[in-house]
Engineer: 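One structure coming up, written as structure tokens, with questions to follow.
Scope of the values below: all heavy atoms of this structure, side chains included, with no hydrogens, waters or symmetry mates.
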Amino acid sequence: MGSRTVGRGGRSLGGGLVVAVAGCLAGALTACGAGGGHGAAKPTASGAGAGASSAVAARGGTIGAPGSACRLPVTFALAKNWKPESTVPDSTGSTSSPGSTGSSGSAAPDDDLAAEIADALLHQGPVTAVCEVDAKPAGHIGFLRVWTGEPGAAGARSVLASFVGAEKGAAHATYRAFTTGGLSGTEVEYRVTSEILEETKTERALAVTTPDGPVVVHLGGLDDEEHRAMLPAYELAKSTLRVTAH
């Protein structure tokens, strides 16, 4: 797969952190979002309010169950050609990154800095990123990400509000309740402004609570066009969301 980049929207949270962080800190943030084409058809979808929905994408695989790419407290279907990858560190402290090779010896200062930045990006509010599903194989620039937290008394709305509140530049959040597969949760649509890029784009997420803790499923995208194009994949995930059988 080559090196992976760090960040939100169209950027991966996986491996290859040193190269990616150096590029991003140098100001090449638009390059950090590159790597996917625009060849796939882009369905039209409304972006007005969290209640706006789009068509459901064609179904591909499923993640969440034991043996899948990401073991999660929930399972849901993936859009065709979307590629999942775990962001949970392995026993060596590295995240999974197919095609990457390890190195021996002490970590360089740049490696330590990259690891610190990556660790910060893997946490948002009360939850931690555990899985990302890459849309590039399907022709889009963006990810569907799954975040999980520790079991507790906080409800889905509270978890989701904390998640959005922890994202810098987030504003104009609109929440609504939803039910699917026996689960009751909360969904949010909001706008995020990047001070560096001087751009504002739409993001959305949903949260549910399970016996194993809260789960947040988030959809970003490089820009509003990509976000709208990926909504069918998000709707598919939401409509097929189920608690993982033990």
Engineer: Which atoms form the tightest heavy-atom contact between Trp147 and Ala129, and what is the distance?
Structural biologist: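 Nearest heavy atoms, Trp147 then Ala129: CE3-N, 3.2 Å.
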
Engineer: For Thr128, what residues pass the side chain to side chain contact (heavy atoms under 4.5 Å, CB included) criterion, not counting sequence neighbours?
Structural biologist: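 Per chain and number, Thr128 pairs via side chain to side chain contact (heavy atoms under 4.5 Å, CB included) with His123.
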
Engineer: Is a side-chain N or O of Thr87 found less than 3.5 angstrom from the main chain of Val130, in a donor-acceptor match?
Structural biologist: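 Checking the backbone N and O of Val130 against the side chain of Thr87, a donor-acceptor pair under 3.5 Å is found.
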
Engineer: Is there side-chain contact between Val208 and Val74, with at least one heavy-atom pair below 4.5 Å?
Structural biologist: yes

Engineer: Leu144 and Phe76: side chain to side chain contact (heavy atoms under 4.5 Å, CB included), yes or no, with the steps?
Structural biologist: CA-CA 12 Å; Leu144 190 68; Phe76 59 86; 4.0 Å; yes

Engineer: In the structure I gave you, are the side-chain heavy atoms of Leu206 and Leu241 within less than 4.5 Å of one another anywhere?
Structural biologist: yes

Engineer: For a quick test of reading the model, state the closest non-hydrogen atom pair linking Gly221 to Met230 and the distance between them.
Structural biologist: CA-CE, 3.5 Å

Engineer: So that I can tick it off, tell me whether Arg228 and Glu226 are bridged by a salt bridge, with the cut-off set at under 4.0 angstrom between side-chain N and carboxylate O.
Structural biologist: no

Engineer: Is the NZ or CZ atom of Lys238 both under 6.0 Å from the centre of the six-membered ring of Phe178 and within 45° of that ring's axis?
Structural biologist: yes

Engineer: Just distance, no hydrogens or angles: give the donor-acceptor pairs under 3.5 Å from side chains in residues 56-73, sequence neighbours left out.
Structural biologist:
unit_1: Ser68; atom_1: OG; unit_2: Gly64; atom_2: N; d: 3.0
unit_1: Ser68; atom_1: OG; unit_2: Ala65; atom_2: N; d: 3.4
unit_1: Ser68; atom_1: OG; unit_2: Ala65; atom_2: O; d: 2.6
unit_1: Ser68; atom_1: OG; unit_2: Cys70; atom_2: O; d: 2.9

Engineer: Strictly by modelled atom types, are His227 and Glu203 linked by a side-chain donor-acceptor pair under 3.5 Å?
Structural biologist: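 No, Glu203 and His227 have no side-chain donor paired with an acceptor closer than 3.5 Å.
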
Engineer: Please name the pair of heavy atoms, one in Arg242 and one in Thr180, separated by the smallest distance, quoted to 0.1 Å.
Structural biologist: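 Distance-wise, the nearest heavy atoms are NH1-OG1, 3.7 Å.
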
Engineer: Taking all atoms of both residues into account, what is the closest heavy-atom pair of Ala173 and Tyr190, and its distance?
Structural biologist: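 Between these two residues, the closest heavy atoms are CA-CB, 3.8 Å.
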
Engineer: Do Tyr175 and Glu189 meet the criterion of a side-chain donor-acceptor pair at a distance under 3.5 Å?
Structural biologist: no

Engineer: Heavy atoms only: give me the nearest Ala207-Val216 pair and the separation to one decimal.
Structural biologist: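 Smallest interatomic distance, heavy atoms only, reads CB-CG2, 4.0 Å.
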
Engineer: Could you walk me through whether His218 and Tyr234 pass side chain to side chain contact (heavy atoms under 4.5 Å, CB included), step by step?
Structural biologist: CA-CA 8 Å; His218 171 268; Tyr234 172 86; over 6 Å; no

Engineer: When rounded to the nearest 0.5 angstrom, what is the spacing between CG in Asp223 and CD in Glu199?
Structural biologist: 7.5 Å

Engineer: Using side-chain heavy atoms (C-beta onward) and a distance below 4.5 Å, is Glu198 in contact with Thr193?
Structural biologist: no

Engineer: What distance do Asp212 atom CG and Thr244 atom OG1 have between them, rounded to the nearest 0.5 Å?
Structural biologist: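 OG1 of Thr244 is found 8.0 Å from CG of Asp212.
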
Engineer: Give the minimum heavy-atom separation between Pro137 and Asn81, together with the two atoms involved.
Structural biologist: CB-O, 3.0 Å

Engineer: What distance separates Thr186 OG1 from Leu160 CG, expressed to the nearest 0.5 Å?
Structural biologist: 6.5 Å

Engineer: With a 3.5 Å distance limit and no angle check, can you tell me whether Ser162 reaches the backbone of Ser158 through a side-chain donor-acceptor pair?
Structural biologist: yes

Engineer: Is the closest side-chain donor-acceptor distance between Arg191 and Thr200 under 3.5 Å?
Structural biologist: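 On atom types as modelled, these side chains do not qualify, holding no pair under 3.5 Å.
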
Engineer: Going by heavy atoms in the side chains, are Val127 and Phe163 under 4.5 Å from each other?
Structural biologist: yes

Engineer: Are the side chain of Asp224 and the backbone of Thr202 linked by a donor-acceptor contact shorter than 3.5 Å?
Structural biologist: yes

Engineer: Are Leu78 and Leu236 close enough that some pair of their side-chain heavy atoms sits under 4.5 Å apart?
Structural biologist: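 No, their side chains stay 4.5 Å or more apart.
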
Engineer: Kindly determine whether Val146 and Glu132 satisfy side chain to side chain contact (heavy atoms under 4.5 Å, CB included), including the steps that lead there.
Structural biologist: CA-CA 6 Å; Val146 184; Glu132 63 179 20; over 6 Å; no

Engineer: With side chains defined as the heavy atoms from C-beta onward, is the minimum distance between Arg145 and Val217 less than 4.5 Å?
Structural biologist: no

